[in-house]
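Heads up: the structure comes next, in C-alpha coordinates.
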Amino acid sequence: MLDWTSWLAGLTSTAVIIRFFGQSNDWKWVTIGALWLSTSFIFYCLQAMYRWNFVMLKDLSGPPSPSFFLGHMEGIHLDEYPKAISHVMNNDDLFPRSEATRQVLQTAFPNGVFVSEGMYQQNLDITVVSKCLMNTGEEHRRQRRPVSGAFIPPSVQELSDTLFDLINGMVESLKDEIINFGNEGEFMIDVLKRIQILTTDAISRTAFAYSIQDSTGPIPELLDRLGKLDESLFTVILQLIMNKIPWLVNIPNPVTKKWARLRFELGKVADDVWEKGVVNKGLHSKLLDAIGRGERDIAISQIMGVLFAGSETTANIITEAIHKLTLYPEVQKKLRKELQDFIEAKGRPIEHEELINPNLLPYLDAVMKEALRCLASVPQLSRQAGVHTTVPLEFPITLPNGRTVSEIQVEPGQTILMPVRDGINTCPDIWGPDAKKFVPERWLDEKLPPLVEKIKVPGHVFTFGDGPKLCLGRAFAYSEFKIFVSTLVLNFEFSTPSAEDMKTIVFHLSGPTVKPRLKGREREAATLPLAVKLL
Ligand code: HEM
(Lines give C-alpha, C1' and ligand atoms only; values in the text may rest on other atoms or scores of the structure.)
Protein backbone atom coordinates (compact mmCIF):
# COMPACT_ATOMS: atom_id res chain seq x y z
CA MET A 1 0.00 0.00 0.00
CA LEU A 2 1.24 3.44 -0.84
CA ASP A 3 1.83 5.45 2.27
CA TRP A 4 0.67 9.00 2.91
CA THR A 5 4.05 10.55 2.12
CA SER A 6 3.98 9.03 -1.38
CA TRP A 7 0.42 10.29 -1.94
CA LEU A 8 1.40 13.76 -0.77
CA ALA A 9 4.54 13.88 -2.90
CA GLY A 10 2.46 12.63 -5.86
CA LEU A 11 -0.18 15.30 -5.29
CA THR A 12 2.41 18.06 -5.08
CA SER A 13 4.13 16.89 -8.28
CA THR A 14 0.78 16.67 -10.05
CA ALA A 15 -0.01 20.23 -9.02
CA VAL A 16 3.41 21.40 -10.26
CA ILE A 17 3.01 19.58 -13.59
CA ILE A 18 -0.46 21.08 -14.12
CA ARG A 19 0.80 24.53 -13.18
CA PHE A 20 3.71 24.49 -15.61
CA PHE A 21 2.63 22.21 -18.45
CA GLY A 22 -1.12 21.91 -18.24
CA GLN A 23 -3.58 23.68 -20.56
CA SER A 24 -6.61 23.99 -18.33
CA ASN A 25 -9.11 22.85 -21.00
CA ASP A 26 -7.20 19.67 -21.81
CA TRP A 27 -6.96 18.46 -18.21
CA LYS A 28 -9.77 16.09 -17.31
CA TRP A 29 -10.26 14.75 -13.78
CA VAL A 30 -9.44 11.26 -14.91
CA THR A 31 -6.12 12.44 -16.35
CA ILE A 32 -5.32 14.29 -13.15
CA GLY A 33 -6.21 11.18 -11.13
CA ALA A 34 -4.01 8.98 -13.28
CA LEU A 35 -1.16 11.47 -13.03
CA TRP A 36 -1.51 11.63 -9.25
CA LEU A 37 -1.57 7.82 -8.99
CA SER A 38 1.47 7.34 -11.21
CA THR A 39 3.57 10.08 -9.58
CA SER A 40 2.68 8.70 -6.15
CA PHE A 41 3.73 5.26 -7.30
CA ILE A 42 7.05 6.61 -8.61
CA PHE A 43 7.69 8.26 -5.24
CA TYR A 44 6.82 5.05 -3.47
CA CYS A 45 9.32 3.11 -5.63
CA LEU A 46 12.02 5.71 -5.00
CA GLN A 47 11.39 5.46 -1.27
CA ALA A 48 11.55 1.66 -1.41
CA MET A 49 14.82 1.83 -3.38
CA TYR A 50 16.24 4.21 -0.81
CA ARG A 51 15.29 1.87 2.00
CA TRP A 52 16.64 -1.11 0.17
CA ASN A 53 19.97 0.54 -0.58
CA PHE A 54 20.64 2.67 2.44
CA VAL A 55 19.05 0.94 5.38
CA MET A 56 21.60 -1.88 5.22
CA LEU A 57 19.15 -4.64 5.91
CA LYS A 58 19.64 -6.05 2.43
CA ASP A 59 23.21 -7.00 3.32
CA LEU A 60 22.19 -9.18 6.20
CA SER A 61 21.68 -12.85 5.51
CA GLY A 62 18.61 -14.84 6.54
CA PRO A 63 17.51 -18.47 6.71
CA PRO A 64 16.35 -20.32 3.61
CA SER A 65 12.73 -19.51 2.97
CA PRO A 66 10.44 -22.56 2.82
CA SER A 67 8.08 -20.93 0.33
CA PHE A 68 8.69 -18.36 -2.39
CA PHE A 69 5.30 -16.73 -1.88
CA LEU A 70 4.75 -17.11 1.83
CA GLY A 71 8.26 -16.89 3.23
CA HIS A 72 8.03 -17.88 6.88
CA MET A 73 4.37 -16.96 7.24
CA GLU A 74 3.09 -20.48 7.72
CA GLY A 75 5.36 -21.11 10.66
CA ILE A 76 8.97 -21.81 11.41
CA HIS A 77 10.42 -25.05 12.69
CA LEU A 78 12.50 -23.81 15.57
CA ASP A 79 14.52 -27.01 15.59
CA GLU A 80 15.47 -26.68 11.97
CA TYR A 81 16.08 -22.96 11.85
CA PRO A 82 17.03 -21.99 15.36
CA LYS A 83 18.05 -18.56 14.19
CA ALA A 84 15.15 -18.13 11.84
CA ILE A 85 13.54 -15.46 13.89
CA SER A 86 16.71 -13.62 14.73
CA HIS A 87 16.12 -11.07 12.07
CA VAL A 88 15.45 -7.47 11.47
CA MET A 89 12.83 -7.16 8.82
CA ASN A 90 11.34 -4.46 6.79
CA ASN A 91 7.71 -3.71 7.47
CA ASP A 92 6.67 -4.35 3.90
CA ASP A 93 8.60 -7.54 3.58
CA LEU A 94 7.80 -11.08 4.58
CA PHE A 95 11.36 -12.25 4.39
CA PRO A 96 13.52 -11.80 7.44
CA ARG A 97 16.98 -10.76 6.46
CA SER A 98 19.29 -10.21 9.35
CA GLU A 99 20.92 -12.00 12.20
CA ALA A 100 21.27 -8.83 14.16
CA THR A 101 18.07 -8.55 16.09
CA ARG A 102 19.30 -9.78 19.41
CA GLN A 103 21.73 -6.89 19.38
CA VAL A 104 18.97 -4.54 18.30
CA LEU A 105 16.83 -5.78 21.13
CA GLN A 106 19.60 -5.20 23.61
CA THR A 107 19.63 -1.52 22.85
CA ALA A 108 16.21 -0.90 21.38
CA PHE A 109 14.34 -1.10 24.64
CA PRO A 110 16.49 1.29 26.67
CA ASN A 111 16.27 3.80 23.83
CA GLY A 112 12.49 3.52 23.91
CA VAL A 113 12.19 4.50 20.26
CA PHE A 114 9.83 1.77 19.14
CA VAL A 115 6.55 3.36 19.85
CA SER A 116 3.90 1.46 17.95
CA GLU A 117 3.25 -2.16 17.16
CA GLY A 118 4.06 -4.11 14.05
CA MET A 119 2.65 -6.81 11.89
CA TYR A 120 2.07 -9.46 14.54
CA GLN A 121 0.33 -7.07 16.85
CA GLN A 122 -2.02 -6.01 14.04
CA ASN A 123 -2.59 -9.64 13.33
CA LEU A 124 -3.78 -10.19 16.87
CA ASP A 125 -5.84 -7.06 16.67
CA ILE A 126 -7.73 -8.36 13.68
CA THR A 127 -8.26 -11.88 14.78
CA VAL A 128 -8.72 -11.63 18.51
CA VAL A 129 -10.32 -8.42 19.55
CA SER A 130 -10.43 -5.08 17.89
CA LYS A 131 -11.00 -2.95 20.96
CA CYS A 132 -8.89 -4.76 23.49
CA LEU A 133 -5.52 -4.13 25.07
CA MET A 134 -3.92 -4.34 21.65
CA ASN A 135 -4.50 -0.62 21.23
CA THR A 136 -1.75 1.96 21.55
CA GLY A 137 -1.19 5.29 23.26
CA GLU A 138 -3.82 6.85 25.52
CA GLU A 139 -6.54 4.39 24.44
CA HIS A 140 -4.27 1.51 25.49
CA ARG A 141 -3.53 3.10 28.85
CA ARG A 142 -7.25 3.70 29.44
CA GLN A 143 -8.08 0.05 28.77
CA ARG A 144 -5.11 -1.34 30.67
CA ARG A 145 -5.88 0.59 33.86
CA PRO A 146 -8.95 -1.34 35.15
CA VAL A 147 -7.42 -4.73 34.43
CA SER A 148 -3.92 -4.04 35.72
CA GLY A 149 -4.93 -3.88 39.40
CA ALA A 150 -6.53 -7.31 39.15
CA PHE A 151 -3.26 -9.14 38.58
CA ILE A 152 -1.06 -7.62 41.24
CA PRO A 153 0.32 -10.21 43.72
CA PRO A 154 -2.32 -9.62 46.48
CA SER A 155 -5.14 -10.23 43.95
CA VAL A 156 -3.42 -13.39 42.74
CA GLN A 157 -3.13 -14.53 46.36
CA GLU A 158 -6.94 -14.22 46.61
CA LEU A 159 -7.35 -16.36 43.50
CA SER A 160 -4.81 -19.02 44.40
CA ASP A 161 -7.41 -21.36 45.95
CA THR A 162 -9.06 -21.69 42.53
CA LEU A 163 -5.72 -22.73 41.04
CA PHE A 164 -5.15 -25.35 43.75
CA ASP A 165 -8.70 -26.71 43.28
CA LEU A 166 -8.17 -27.07 39.54
CA ILE A 167 -4.87 -28.92 39.70
CA ASN A 168 -6.02 -31.14 42.58
CA GLY A 169 -9.10 -32.11 40.56
CA MET A 170 -6.93 -32.95 37.58
CA VAL A 171 -4.52 -34.99 39.74
CA GLU A 172 -7.36 -37.03 41.25
CA SER A 173 -8.90 -37.94 37.90
CA LEU A 174 -5.48 -38.79 36.41
CA LYS A 175 -4.72 -41.03 39.39
CA ASP A 176 -8.00 -42.90 38.77
CA GLU A 177 -7.15 -43.31 35.09
CA ILE A 178 -3.70 -44.72 35.90
CA ILE A 179 -5.08 -47.12 38.52
CA ASN A 180 -7.75 -48.35 36.07
CA PHE A 181 -5.13 -48.75 33.37
CA GLY A 182 -3.17 -51.21 35.54
CA ASN A 183 0.46 -52.19 35.17
CA GLU A 184 0.63 -53.16 31.53
CA GLY A 185 2.96 -50.92 29.57
CA GLU A 186 3.42 -47.16 29.86
CA PHE A 187 0.46 -44.92 30.57
CA MET A 188 0.59 -42.09 28.06
CA ILE A 189 -1.16 -38.74 28.30
CA ASP A 190 -1.28 -35.69 26.08
CA VAL A 191 0.24 -33.29 28.60
CA LEU A 192 -0.51 -30.24 26.45
CA LYS A 193 -4.21 -31.01 26.20
CA ARG A 194 -4.54 -31.52 29.97
CA ILE A 195 -2.63 -28.37 30.82
CA GLN A 196 -4.53 -26.34 28.22
CA ILE A 197 -7.82 -27.24 29.88
CA LEU A 198 -6.40 -26.24 33.26
CA THR A 199 -4.97 -22.91 32.21
CA THR A 200 -8.03 -21.91 30.20
CA ASP A 201 -10.25 -22.78 33.11
CA ALA A 202 -7.93 -21.00 35.54
CA ILE A 203 -8.25 -17.76 33.65
CA SER A 204 -11.93 -18.09 32.76
CA ARG A 205 -12.93 -18.89 36.33
CA THR A 206 -10.91 -16.08 37.82
CA ALA A 207 -11.67 -13.56 35.08
CA PHE A 208 -15.38 -14.08 34.68
CA ALA A 209 -16.51 -16.84 37.02
CA TYR A 210 -17.16 -19.27 34.19
CA SER A 211 -15.86 -22.82 34.00
CA ILE A 212 -14.92 -23.90 30.50
CA GLN A 213 -14.31 -27.43 31.70
CA ASP A 214 -17.82 -27.82 33.09
CA SER A 215 -19.49 -26.07 30.19
CA THR A 216 -21.57 -28.03 27.72
CA GLY A 217 -21.92 -24.95 25.51
CA PRO A 218 -19.97 -24.28 22.31
CA ILE A 219 -17.08 -22.36 23.92
CA PRO A 220 -14.74 -25.33 24.59
CA GLU A 221 -15.14 -26.51 21.01
CA LEU A 222 -14.58 -23.01 19.62
CA LEU A 223 -11.42 -22.63 21.70
CA ASP A 224 -10.23 -26.01 20.51
CA ARG A 225 -10.72 -25.04 16.88
CA LEU A 226 -8.80 -21.81 17.40
CA GLY A 227 -5.85 -23.81 18.73
CA LYS A 228 -5.58 -25.82 15.53
CA LEU A 229 -3.40 -24.80 12.66
CA ASP A 230 -6.02 -24.73 9.94
CA GLU A 231 -4.34 -22.10 7.83
CA SER A 232 -4.76 -22.71 4.15
CA LEU A 233 -2.88 -20.71 1.54
CA PHE A 234 -6.07 -18.68 1.11
CA THR A 235 -6.42 -17.75 4.80
CA VAL A 236 -2.72 -16.89 5.12
CA ILE A 237 -2.93 -14.53 2.13
CA LEU A 238 -6.22 -13.11 3.39
CA GLN A 239 -4.67 -12.42 6.77
CA LEU A 240 -1.77 -10.71 5.10
CA ILE A 241 -4.07 -8.48 3.06
CA MET A 242 -6.09 -7.66 6.18
CA ASN A 243 -2.93 -6.57 7.93
CA LYS A 244 -2.50 -4.00 5.20
CA ILE A 245 -6.15 -3.02 4.87
CA PRO A 246 -7.56 -3.39 8.42
CA TRP A 247 -11.14 -2.31 7.54
CA LEU A 248 -11.52 -5.60 5.61
CA VAL A 249 -12.11 -7.08 9.04
CA ASN A 250 -15.65 -5.72 8.76
CA ILE A 251 -16.43 -7.94 5.76
CA PRO A 252 -17.36 -11.48 6.86
CA ASN A 253 -14.54 -13.84 5.94
CA PRO A 254 -13.10 -17.18 7.15
CA VAL A 255 -10.36 -15.53 9.24
CA THR A 256 -12.69 -13.42 11.36
CA LYS A 257 -15.71 -15.74 11.35
CA LYS A 258 -14.58 -18.07 14.12
CA TRP A 259 -13.42 -15.18 16.30
CA ALA A 260 -16.73 -13.40 15.79
CA ARG A 261 -18.57 -16.54 16.90
CA LEU A 262 -16.41 -16.84 20.02
CA ARG A 263 -16.95 -13.18 20.82
CA PHE A 264 -20.70 -13.68 20.46
CA GLU A 265 -20.71 -16.70 22.79
CA LEU A 266 -18.47 -15.01 25.36
CA GLY A 267 -20.70 -11.95 25.14
CA LYS A 268 -23.64 -14.11 26.20
CA VAL A 269 -21.62 -15.44 29.14
CA ALA A 270 -20.55 -11.92 30.13
CA ASP A 271 -24.18 -10.77 30.10
CA ASP A 272 -25.20 -13.77 32.13
CA VAL A 273 -22.45 -13.16 34.68
CA TRP A 274 -23.48 -9.52 34.85
CA GLU A 275 -27.08 -10.51 35.58
CA LYS A 276 -25.93 -12.72 38.45
CA GLY A 277 -23.59 -10.09 39.90
CA VAL A 278 -20.16 -10.29 41.46
CA VAL A 279 -19.37 -13.72 42.87
CA ASN A 280 -15.67 -13.44 43.46
CA LYS A 281 -12.96 -10.84 43.81
CA GLY A 282 -10.11 -9.66 41.65
CA LEU A 283 -10.43 -9.37 37.92
CA HIS A 284 -13.96 -10.65 37.77
CA SER A 285 -15.41 -7.76 39.73
CA LYS A 286 -13.38 -5.22 37.77
CA LEU A 287 -14.63 -6.53 34.43
CA LEU A 288 -18.18 -6.62 35.70
CA ASP A 289 -17.73 -3.08 36.84
CA ALA A 290 -16.80 -2.10 33.28
CA ILE A 291 -19.86 -3.93 31.89
CA GLY A 292 -22.00 -2.15 34.47
CA ARG A 293 -20.67 1.23 33.36
CA GLY A 294 -22.03 0.52 29.91
CA GLU A 295 -18.66 -0.50 28.48
CA ARG A 296 -19.92 -3.97 27.66
CA ASP A 297 -18.01 -4.35 24.39
CA ILE A 298 -14.74 -3.24 25.95
CA ALA A 299 -15.26 -5.63 28.86
CA ILE A 300 -15.95 -8.54 26.50
CA SER A 301 -12.90 -7.62 24.44
CA GLN A 302 -10.84 -7.58 27.61
CA ILE A 303 -12.21 -10.93 28.70
CA MET A 304 -11.19 -12.39 25.34
CA GLY A 305 -7.83 -10.68 25.39
CA VAL A 306 -7.06 -11.90 28.90
CA LEU A 307 -8.41 -15.36 28.08
CA PHE A 308 -5.98 -15.73 25.21
CA ALA A 309 -3.06 -13.82 26.67
CA GLY A 310 -3.35 -15.81 29.88
CA SER A 311 -4.14 -19.36 28.79
CA GLU A 312 -2.15 -20.38 25.72
CA THR A 313 1.04 -18.77 27.00
CA THR A 314 1.03 -20.49 30.39
CA ALA A 315 -0.19 -23.79 28.93
CA ASN A 316 2.70 -23.88 26.49
CA ILE A 317 5.38 -22.96 28.98
CA ILE A 318 4.18 -25.38 31.68
CA THR A 319 3.88 -28.20 29.12
CA GLU A 320 7.33 -27.54 27.75
CA ALA A 321 8.78 -27.31 31.26
CA ILE A 322 7.42 -30.80 32.00
CA HIS A 323 8.92 -31.99 28.74
CA LYS A 324 12.28 -30.58 29.87
CA LEU A 325 11.92 -32.40 33.21
CA THR A 326 11.68 -35.64 31.25
CA LEU A 327 14.78 -34.80 29.21
CA TYR A 328 16.66 -33.80 32.39
CA PRO A 329 15.47 -36.46 34.91
CA GLU A 330 18.03 -35.32 37.49
CA VAL A 331 16.32 -31.89 37.56
CA GLN A 332 12.94 -33.58 38.03
CA LYS A 333 14.30 -35.63 40.98
CA LYS A 334 16.02 -32.65 42.60
CA LEU A 335 12.84 -30.57 42.32
CA ARG A 336 10.70 -33.35 43.80
CA LYS A 337 13.15 -33.78 46.68
CA GLU A 338 13.07 -30.09 47.57
CA LEU A 339 9.27 -30.14 47.66
CA GLN A 340 9.06 -33.41 49.64
CA ASP A 341 11.64 -32.21 52.19
CA PHE A 342 9.69 -29.01 52.70
CA ILE A 343 6.43 -30.88 53.26
CA GLU A 344 8.12 -33.30 55.63
CA ALA A 345 9.66 -30.49 57.65
CA LYS A 346 6.33 -28.63 57.95
CA GLY A 347 4.16 -31.74 58.30
CA ARG A 348 1.53 -30.24 55.94
CA PRO A 349 1.03 -29.30 52.28
CA ILE A 350 2.85 -26.25 50.91
CA GLU A 351 0.85 -23.02 50.98
CA HIS A 352 0.71 -20.46 48.18
CA GLU A 353 2.82 -17.80 49.96
CA GLU A 354 5.50 -20.44 50.55
CA LEU A 355 5.44 -21.65 46.96
CA ILE A 356 6.02 -18.20 45.56
CA ASN A 357 8.76 -17.31 48.03
CA PRO A 358 12.11 -17.91 46.25
CA ASN A 359 13.96 -18.10 49.56
CA LEU A 360 11.85 -21.00 50.87
CA LEU A 361 11.84 -23.12 47.70
CA PRO A 362 14.85 -21.89 45.71
CA TYR A 363 15.07 -24.82 43.31
CA LEU A 364 11.42 -24.53 42.27
CA ASP A 365 12.06 -20.86 41.66
CA ALA A 366 15.18 -21.65 39.61
CA VAL A 367 13.29 -24.21 37.49
CA MET A 368 10.62 -21.62 36.76
CA LYS A 369 13.15 -18.92 35.89
CA GLU A 370 15.02 -21.30 33.61
CA ALA A 371 11.76 -22.30 31.89
CA LEU A 372 10.88 -18.65 31.37
CA ARG A 373 14.34 -18.07 29.90
CA CYS A 374 14.58 -21.04 27.53
CA LEU A 375 10.96 -21.73 26.71
CA ALA A 376 9.46 -18.32 26.05
CA SER A 377 6.07 -19.17 24.58
CA VAL A 378 5.92 -15.83 22.76
CA PRO A 379 9.21 -16.31 20.95
CA GLN A 380 9.51 -12.86 19.47
CA LEU A 381 8.32 -9.34 20.04
CA SER A 382 7.72 -6.78 17.38
CA ARG A 383 7.93 -3.04 17.50
CA GLN A 384 7.49 -0.52 14.74
CA ALA A 385 9.78 2.49 14.61
CA GLY A 386 7.84 5.71 15.06
CA VAL A 387 10.77 7.93 14.12
CA HIS A 388 14.00 7.56 12.16
CA THR A 389 16.54 6.19 14.54
CA THR A 390 19.99 4.77 14.78
CA VAL A 391 20.16 1.66 16.90
CA PRO A 392 23.61 1.03 18.36
CA LEU A 393 24.52 -2.65 18.52
CA GLU A 394 25.85 -4.29 21.64
CA PHE A 395 27.94 -6.61 19.47
CA PRO A 396 29.15 -5.28 16.10
CA ILE A 397 28.32 -7.57 13.17
CA THR A 398 30.22 -8.35 10.01
CA LEU A 399 28.18 -8.24 6.83
CA PRO A 400 28.68 -10.71 3.98
CA ASN A 401 30.59 -7.96 2.11
CA GLY A 402 33.16 -7.85 4.92
CA ARG A 403 32.02 -4.50 6.32
CA THR A 404 31.59 -4.36 10.10
CA VAL A 405 28.68 -2.34 11.44
CA SER A 406 28.06 -1.26 14.98
CA GLU A 407 24.70 0.42 14.42
CA ILE A 408 21.61 -0.03 12.28
CA GLN A 409 19.54 2.70 10.69
CA VAL A 410 15.82 2.20 11.15
CA GLU A 411 13.26 4.17 9.19
CA PRO A 412 9.81 5.17 10.52
CA GLY A 413 7.32 2.42 9.78
CA GLN A 414 9.89 -0.36 9.76
CA THR A 415 9.08 -3.25 12.02
CA ILE A 416 11.75 -4.82 14.14
CA LEU A 417 11.20 -8.42 15.07
CA MET A 418 12.99 -9.12 18.30
CA PRO A 419 13.82 -12.74 18.91
CA VAL A 420 13.38 -13.64 22.54
CA ARG A 421 13.44 -17.40 22.74
CA ASP A 422 16.21 -18.15 20.26
CA GLY A 423 17.71 -14.70 20.53
CA ILE A 424 18.48 -12.67 23.58
CA ASN A 425 17.18 -15.16 26.19
CA THR A 426 19.52 -17.91 25.02
CA CYS A 427 22.41 -16.07 23.41
CA PRO A 428 25.78 -17.66 24.39
CA ASP A 429 27.51 -14.26 24.18
CA ILE A 430 25.23 -13.09 26.98
CA TRP A 431 24.50 -16.21 29.05
CA GLY A 432 27.68 -18.21 28.55
CA PRO A 433 28.48 -21.40 26.62
CA ASP A 434 25.66 -23.43 28.21
CA ALA A 435 23.07 -20.84 27.18
CA LYS A 436 21.06 -23.30 25.09
CA LYS A 437 20.88 -25.91 27.87
CA PHE A 438 18.24 -26.17 30.57
CA VAL A 439 20.29 -25.47 33.70
CA PRO A 440 18.20 -24.19 36.64
CA GLU A 441 21.37 -24.07 38.78
CA ARG A 442 22.50 -20.92 36.95
CA TRP A 443 19.87 -19.00 38.95
CA LEU A 444 21.28 -20.27 42.25
CA ASP A 445 24.72 -18.86 41.54
CA GLU A 446 25.65 -15.79 43.49
CA LYS A 447 26.21 -13.71 40.39
CA LEU A 448 24.73 -13.74 36.90
CA PRO A 449 27.02 -12.98 33.93
CA PRO A 450 27.67 -9.20 33.63
CA LEU A 451 25.78 -8.82 30.35
CA VAL A 452 22.73 -10.51 31.88
CA GLU A 453 22.79 -7.97 34.70
CA LYS A 454 22.71 -5.26 32.02
CA ILE A 455 19.32 -6.44 30.78
CA LYS A 456 17.07 -4.29 32.88
CA VAL A 457 13.76 -6.10 32.45
CA PRO A 458 11.93 -8.20 35.07
CA GLY A 459 13.96 -11.35 35.72
CA HIS A 460 16.52 -10.33 33.04
CA VAL A 461 14.49 -12.09 30.34
CA PHE A 462 12.20 -10.68 27.66
CA THR A 463 9.66 -13.47 28.00
CA PHE A 464 7.00 -11.05 29.24
CA GLY A 465 8.01 -8.21 26.92
CA ASP A 466 8.83 -4.77 28.22
CA GLY A 467 7.67 -1.17 28.23
CA PRO A 468 4.05 0.02 28.24
CA LYS A 469 2.90 -3.36 26.95
CA LEU A 470 4.70 -5.43 29.57
CA CYS A 471 2.63 -8.53 30.32
CA LEU A 472 -0.03 -7.85 32.90
CA GLY A 473 -0.29 -11.44 34.05
CA ARG A 474 3.24 -12.06 35.36
CA ALA A 475 2.28 -12.62 38.98
CA PHE A 476 -0.59 -14.85 37.88
CA ALA A 477 1.73 -16.82 35.57
CA TYR A 478 4.32 -17.32 38.34
CA SER A 479 1.68 -18.67 40.72
CA GLU A 480 0.11 -20.87 38.10
CA PHE A 481 3.48 -22.30 37.08
CA LYS A 482 4.55 -23.05 40.63
CA ILE A 483 1.21 -24.46 41.79
CA PHE A 484 0.69 -26.69 38.73
CA VAL A 485 4.27 -27.90 38.27
CA SER A 486 4.92 -28.59 41.97
CA THR A 487 1.64 -30.52 42.38
CA LEU A 488 2.29 -32.62 39.27
CA VAL A 489 5.89 -33.41 40.22
CA LEU A 490 4.84 -34.41 43.74
CA ASN A 491 2.25 -36.87 42.44
CA PHE A 492 3.65 -38.26 39.20
CA GLU A 493 6.87 -39.17 37.50
CA PHE A 494 7.00 -38.00 33.91
CA SER A 495 9.20 -39.64 31.33
CA THR A 496 9.71 -39.55 27.62
CA PRO A 497 8.47 -42.39 25.48
CA SER A 498 11.23 -44.19 23.58
CA ALA A 499 14.10 -42.10 22.17
CA GLU A 500 12.73 -42.80 18.70
CA ASP A 501 9.31 -41.40 19.61
CA MET A 502 10.90 -38.29 21.11
CA LYS A 503 12.46 -37.42 17.79
CA THR A 504 8.97 -36.94 16.42
CA ILE A 505 8.21 -34.09 18.81
CA VAL A 506 9.02 -30.68 17.41
CA PHE A 507 8.42 -27.27 18.84
CA HIS A 508 6.82 -25.26 16.13
CA LEU A 509 6.18 -21.56 15.90
CA SER A 510 2.67 -21.12 14.60
CA GLY A 511 0.75 -17.96 15.19
CA PRO A 512 2.18 -15.94 18.03
CA THR A 513 3.24 -18.87 20.24
CA VAL A 514 5.40 -22.00 20.15
CA LYS A 515 3.61 -25.33 20.46
CA PRO A 516 4.70 -28.96 20.47
CA ARG A 517 3.63 -30.95 17.42
CA LEU A 518 4.42 -34.27 15.82
CA LYS A 519 6.90 -34.19 12.97
CA GLY A 520 5.23 -34.61 9.61
CA ARG A 521 1.83 -33.93 11.20
CA GLU A 522 2.27 -30.24 11.91
CA ARG A 523 -1.14 -29.32 10.52
CA GLU A 524 -2.86 -31.40 13.19
CA ALA A 525 -3.63 -30.05 16.66
CA ALA A 526 -0.65 -29.40 18.92
CA THR A 527 0.14 -32.30 21.23
CA LEU A 528 2.76 -33.55 23.68
CA PRO A 529 2.46 -37.26 24.48
CA LEU A 530 4.45 -38.24 27.58
CA ALA A 531 4.56 -41.32 29.79
CA VAL A 532 3.30 -40.82 33.34
CA LYS A 533 3.68 -42.99 36.45
CA LEU A 534 1.89 -42.65 39.79
CA LEU A 535 4.30 -42.06 42.71
C1 HEM B 1 4.23 -17.59 30.98
C2 HEM B 1 3.12 -17.02 30.62
C3 HEM B 1 3.02 -15.73 29.87
C4 HEM B 1 3.84 -15.21 28.91
C5 HEM B 1 5.12 -15.85 28.35
C6 HEM B 1 3.29 -13.94 28.51
C7 HEM B 1 3.87 -13.10 27.57
C8 HEM B 1 3.35 -11.88 27.20
C9 HEM B 1 3.97 -11.01 26.23
C10 HEM B 1 5.28 -11.29 25.51
C11 HEM B 1 3.19 -9.91 26.12
C12 HEM B 1 3.43 -8.73 25.18
C13 HEM B 1 4.43 -7.80 25.83
C14 HEM B 1 5.02 -6.77 24.88
O15 HEM B 1 4.59 -6.64 23.72
O16 HEM B 1 5.95 -6.07 25.32
C17 HEM B 1 2.06 -10.09 27.01
C18 HEM B 1 1.03 -9.19 27.18
C19 HEM B 1 -0.06 -9.43 27.96
N20 HEM B 1 -0.25 -10.49 28.82
FE21 HEM B 1 1.00 -12.05 29.11
N22 HEM B 1 2.15 -13.71 29.21
C23 HEM B 1 1.93 -14.77 30.05
C24 HEM B 1 0.90 -14.94 30.93
C25 HEM B 1 -0.15 -14.08 31.06
C26 HEM B 1 -1.27 -14.28 31.95
C27 HEM B 1 -1.42 -15.47 32.89
C28 HEM B 1 -2.12 -13.24 31.76
C29 HEM B 1 -3.41 -12.93 32.41
C30 HEM B 1 -3.80 -13.42 33.52
C31 HEM B 1 -1.52 -12.37 30.76
C32 HEM B 1 -2.07 -11.19 30.32
C33 HEM B 1 -1.47 -10.35 29.41
C34 HEM B 1 -2.11 -9.14 28.93
C35 HEM B 1 -3.48 -8.63 29.34
C36 HEM B 1 -1.21 -8.56 28.02
C37 HEM B 1 -1.40 -7.29 27.24
C38 HEM B 1 -0.76 -6.14 27.98
C39 HEM B 1 -0.95 -4.83 27.26
O40 HEM B 1 -1.08 -4.80 26.04
O41 HEM B 1 -0.95 -3.81 27.96
N42 HEM B 1 -0.33 -12.91 30.36
N43 HEM B 1 2.19 -11.29 27.67
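Order of listing sets the numbers, starting from 1, for every ligand and every atom in it.
Of all atoms in ligand 1, listed by their number and element, those nearer than 4.0 Å to a heavy atom of Thr463 are 5 (C), 7 (C), 10 (C). Taking a cut-off of under 4.0 Å to the non-hydrogen atoms of Ile203, the atoms of ligand 1 that pass are 29 (C), 30 (C). With ligand atoms numbered from 1 in the order given, ligand 1 contributes 5 (C) to contacts under 4.0 Å with heavy atoms of Ser377. With ligand atoms numbered from 1 in the order given, ligand 1 contributes 10 (C), 13 (C), 14 (C), 16 (O) to contacts under 4.0 Å with heavy atoms of Gly465.
Between Lys334 and Glu441, at least one side-chain nitrogen of the basic residue sits less than 4.0 Å from a carboxylate oxygen of the acidic one, meeting the salt-bridge criterion. Salt-bridge annotation for Arg205 and Asp165: absent, with no side-chain N of the basic residue lying under 4.0 Å from a carboxylate O of the acidic one. Between Glu320 and Arg421 there is a salt bridge, since at least one side-chain N of the basic residue sits less than 4.0 Å from a carboxylate O of the acidic one. At a threshold of 4.0 Å, the pair Asp190-Arg194 does not count as salt-bridged, since none of the basic side-chain nitrogens sits closer than that to a carboxylate oxygen.
Ring orientation note: the planes of Tyr478 and Phe464 are nearly perpendicular, at an angle over 60° on the 30°/60° scale.
With a 4.0 Å cut-off on non-hydrogen atoms, Val420 does not touch ligand 1 at all. Contacts between Phe476 and ligand 1 below 4.0 angstrom, taking non-hydrogen atoms only, involve the side chain exclusively.
The main-chain N or O of Val489 is never found under 3.5 Å from a side-chain atom of Gln332 such that the two would form a donor-acceptor pair.
Atom 4 (C) of ligand 1 has its nearest heavy-atom neighbour, among Tyr478, Phe462, Phe464, in Phe464. Scanning Ala321, Ala475, Cys471 for the heavy atom closest to atom 18 (C) of ligand 1 points to Cys471.
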